[in-house]
Amino acid sequence: MQFESLENLERKFILGSIELADPIPSGSLDEVVELFSTQYPMVRFTRIYESDGILSSCGRYMEYTIQVPPVKTNG
């Protein structure tokens, strides 16, 4: 079984239980986070690094889990 180079792999993003397709396949991770933050405001305060990506078990895509900050309440 041959693997493609990591630069050519599709990216998928996991936000909680939601799997999000890469909206900008040729864009940077910062551009993707900026775009996701328009639909998911809690993503605005997160940072994703290339090293956060995990190769899927099938070897066809990189998977990035988006860690959102905990909800804060007063009281």
Side-chain angles (χ1 to χ4, degrees):
M1 178 177 185
Q2 289 183 319
F3 290 105
E4 295 182 43
S5 70
L6 295 179
E7 292 83 28
N8 296 334
L9 289 176
E10 178 183 352
R11 298 182 296 194
K12 293 188 180 182
F13 300 88
I14 307 298
L15 178 61
S17 61
I18 303 170
E19 184 177 296
L20 304 166
D22 190 351
I24 313 172
S26 60
S28 70
L29 288 174
D30 289 335
E31 292 171 324
V32 171
V33 169
E34 186 176 345
L35 185 63
F36 280 154
S37 69
T38 61
Q39 296 176 354
Y40 306 98
M42 65 281 213
V43 173
R44 183 175 183 85
F45 304 104
T46 63
R47 181 91 173 129
I48 302 174
Y49 298 97
E50 289 290 338
S51 60
D52 293 338
I54 299 172
L55 185 62
S56 66
S57 58
C58 64
R60 295 186 181 153
Y61 59 89
M62 291 295 288
E63 188 173 275
Y64 294 87
T65 301
I66 301 173
Q67 301 292 330
V68 295
V71 176
K72 294 182 181 178
T73 60
N74 291 336

Who passes side chain to side chain contact (heavy atoms under 4.5 Å, CB included) against [X], sequence neighbours left out?
| X | answer |
| --- | --- |
| S37 | R44 |
| E10 | K12, Y61 |
| P69 | F45, T46 |
| Y49 | R47, S51, D52 |

Can you list, pair by pair, the side-chain donor-acceptor contacts under 3.5 Å of residues 14-26, counting residues two or more places apart and other chains?
{"residue": "D22", "atom": "OD1", "partner": "I24", "partner atom": "N", "Å": "3.1"}
{"residue": "D22", "atom": "OD2", "partner": "R11", "partner atom": "NE", "Å": "2.7"}
{"residue": "D22", "atom": "OD2", "partner": "R11", "partner atom": "NH2", "Å": "3.0"}

Self-check item: Min side-chain heavy-atom separation R60-L9 under 4.5 Å
Solution: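 Of all side-chain heavy-atom pairs linking L9 with R60, none is under 4.5 Å.
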Practice problem: Quick one: list whatever passes side chain to side chain donor-acceptor pair (under 3.5 Å) with Y64, sequence neighbours left out. | Solution: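 Only E50 meet the side chain to side chain donor-acceptor pair (under 3.5 Å) criterion with Y64.
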Quiz item: What about V68 and L29, same hydrophobic cluster or not, with Ile/Leu/Val/Met/Phe/Trp/Tyr joined at side-chain heavy-atom distances under 4.5 Å?
Solution: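 Same cluster: V68 reaches L29 through Ile, Leu, Val, Met, Phe, Trp or Tyr contacts under 4.5 Å.
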Exercise. Examine V32 and I54 and state if one hydrophobic cluster contains both, with Ile, Leu, Val, Met, Phe, Trp and Tyr joined whenever side-chain heavy atoms are less than 4.5 Å apart.
Key: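 In one cluster with V32: I54, no.
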Quiz prompt | By ring pair (Phe, Tyr, Trp, His ring centres under 6.0 Å) - contacts of F36 (at least two apart) | solution =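 In terms of ring pair (Phe, Tyr, Trp, His ring centres under 6.0 Å), with neighbours along the sequence ignored, F36 is linked to F13.
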